[in-house]
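These figures come from a predicted structure and were not determined experimentally. Note that ligands are numbered from 1 as they come in the structure, with each ligand's atoms numbered from 1 the same way.
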Amino acid sequence: MSDPFAVAGRVRLQPGRERSLVRRHPWLYRGALAGELPAGEGPVEVCDSRGVPQGIALVGGSGGSLALRMLTFGDARWDEAALRARLEGALALRRRLGIDSDAWRLVHAEGDELPGLVIDRYGAVAVVEPFEPAWDPYLGLIAGFLTAEAGIDTVLQRAGSARRTPVQAIVGAVPGSPVVIREGRARFPVDLQAGQKTGFFLDQRDNRRRLGELAGERTVLNLFSYSGAFAVAALVAGARRGVNVDESAPALALAREAYGLNGLTVSDEDFLPADAFDATRRMIAAGGRFDVVVVDPPAFAKRRAELPAGLRGYRDINLQALRLVAPGGVLLSCSCSALVDESSFLGALHGAALDARRRVRVLERRGAAPDHPLSLFCLESRHLQAWLCAVE
Ligand code: SAH
């Protein structure tokens, strides 16, 4: 096998385009390059316009305009020891966090200086999701690290969003049924074969716990519920009722399974396979009210061109949600669109509050749990914002 660390070629930047490297930003777009990328998968040496080496980068193959992701800066080496040191650093950080769960994100891409690489663990199963095919030659080494150092016995590979291949086993076998994880006092089934993301929305862990603290004796509407995790967290913490809305039938089947695992009563009317925009309108027409409403949709703006429509979507769904919050209730409104910044999202919430004629106050501005660290050198990779609001 060829050495995955061997530099496959050199690429020069256009004059002035090394500026982002001085700021330690890990991304370089096609437009920053003078000439073509070398063919082949291996890492490349990045030079400034005068030919002075600036670091080593992974070649982007995911089809977008992102051409290179920096692995090292200056003359730092990119070798097995460097990869290992980053994996060890990622693991050590998680062990310091005191996460009350056996499922957590072990590697958060740019946030762990492993750009474009995500590794989530569900108990003894790790799911590796490389967003760049250029990570593929390293997966054997990574799996070796996980089994030797991280208490993992099964390593699965999930292809990044650009590649549509099924989940494969690198070590062990793909589990035939959902794996059960624990988070606080709740248990969740995680479908590692066909679930969304790597199987579960680990980034919402602390927001689920917070919701549980507020949900005692309350009714909860969980819009875009996926496997019902927010409702389950609330019910386990003493909520009176949790209603889940998702357009995906398999997601709601998992949600039912989650209720069962936690000894909660499963009633058909608490699992609505429906478009959330339609379902909320029907509930409003029927005079529905909930003490707590969670809005956690998929990213409405994945590309810059989708921003205006995405913001209209956030405004509309939050308007419907606000109409369903009982006076004195709570709205937890989330966005996982990296392109939507906080002030734009708050603008959408403000418009929704005006249209709903409700007084809305932000109690907490929340985000992803700390096993999803955000690199100060790559703020664009911030994705999740979650606004906990009081609604009068
Ligand atoms: N809140 C979930 C994660 C939500 S992910 C959790 O904490 O686990 C977004 C979910 O929205 C997906 O499950 C997807 O199936 C669902 N979805 C996407 N568009 C939808 C729509 N228009 N109406 C209802 N559900 C939708």
Note to self: Using a strict threshold of under 4.0 Å (side-chain N to carboxylate O), is an ion pair present between R358 and E392?
What the structure shows: no
Item checked: Backbone or side-chain N or O of N222 under 3.5 Å from ligand 1 N or O -> no
Next item on the list: Kindly say whether the aromatic ring centers of F345 and Y314 come within a distance under 6.0 Å.
Entry: yes
Note to self: Check this for me, if you would: do D270 and R256 make a salt bridge, where the nitrogen-to-carboxylate-oxygen distance has to be below 4.0 angstrom?
What the structure shows: no
Notebook entry, point to check: Closest non-hydrogen protein atom to atom 22 (N) of ligand 1, residue and atom name please, with distance?
Noted result: D275 OD1, 2.7 Å
Check: Would the Y259 and F271 ring centres measure less than 6.0 Å apart?
Finding: yes
Note to self: Under 4.0 Å from a heavy atom of Y226: which atoms of ligand 1 are those, numbered in the order shown and with their elements?
What the structure shows: 2 (C), 3 (C), 4 (C), 8 (O), 13 (O)
Check: Is the shortest N/O to N/O distance between A276 and ligand 1 below 3.5 Å?
Finding: yes
Check: Taking atom CG of L83 and atom CZ of F5, what is their separation to the nearest 0.5 Å?
Finding: 4.5 Å
Notebook entry, point to check: Which of the atoms in ligand 1, numbered in the order shown and given with their element, are less than 4.0 Å from a heavy-atom of F230?
Noted result: 1 (N), 7 (O)
Margin query: Measuring from non-hydrogen atoms of A274 to any atom of ligand 1, is the shortest distance under 4.0 Å?
Written below: yes
Check: At what distance is the nearest protein heavy atom to atom 5 (S) of ligand 1, and which residue and atom is it?
Finding: F201 CZ, 3.4 Å
Check: Is a side-chain donor or acceptor of E306 paired with a backbone partner of K302 at a separation under 3.5 angstrom?
Finding: yes
Check: So do V155 and T147 actually touch side chain to side chain, heavy atoms under 4.5 Å?
Finding: yes
Margin query: What protein heavy atom lies closest to atom 4 (C) of ligand 1? Include the residue and the distance to one decimal.
Written below: F224 O, 3.2 Å
Margin query: Taking the basic N atoms (NZ, or NE/NH1/NH2) and the acidic carboxylate oxygens, is any pair closer than 4.0 Å for D100 and R182?
Written below: yes
Note to self: As an exercise, identify every atom of ligand 1 less than 4.0 angstrom from a heavy atom of P298.
What the structure shows: 9 (C), 11 (O), 18 (C), 19 (N)
Check: Should the proximity of S225 to ligand 1, defined as any heavy atom under 4.0 Å, be assigned to the side chain, the backbone, both, or neither?
Finding: backbone
Notebook entry, point to check: Salt bridge check: are E80 and R84 linked by an N-O gap of less than 4.0 Å?
Noted result: no
Check: Are any of the N/O atoms in E247 less than 3.5 Å from those in ligand 1?
Finding: yes
Notebook entry, point to check: Can a salt bridge be assigned to the pair R69 and E110 using a cut-off of 4.0 Å between side-chain N and carboxylate O?
Noted result: yes
Item checked: Contact atoms of ligand 1, heavy-atom distance to Q196 under 4.0 Å -> 12 (C), 13 (O), 14 (C), 15 (O)
Notebook entry, point to check: What is the distance from atom CG of D102 to atom CZ of R121, rounded to the nearest 0.5 Å?
Noted result: 8.0 Å
Next item on the list: Identify the protein heavy atom lying closest to atom 3 (C) of ligand 1, giving its residue, its atom name and the separation to 0.1 Å.
Entry: D296 OD2, 3.3 Å
Margin query: Using heavy atoms and a 4.0 Å limit, tell me yes or no: is V245 in contact with ligand 1?
Written below: no
Check: When only distance counts, is D246 in polar contact with ligand 1, meaning an N/O pair under 3.5 Å?
Finding: yes
Notebook entry, point to check: Under a 4.0 Å heavy-atom limit, does F200 contact ligand 1 with its side chain, its backbone, both, or neither?
Noted result: neither
Note to self: What I want to know is whether S248 and ligand 1 share at least one N or O pair that is separated by under 3.5 angstrom.
What the structure shows: no
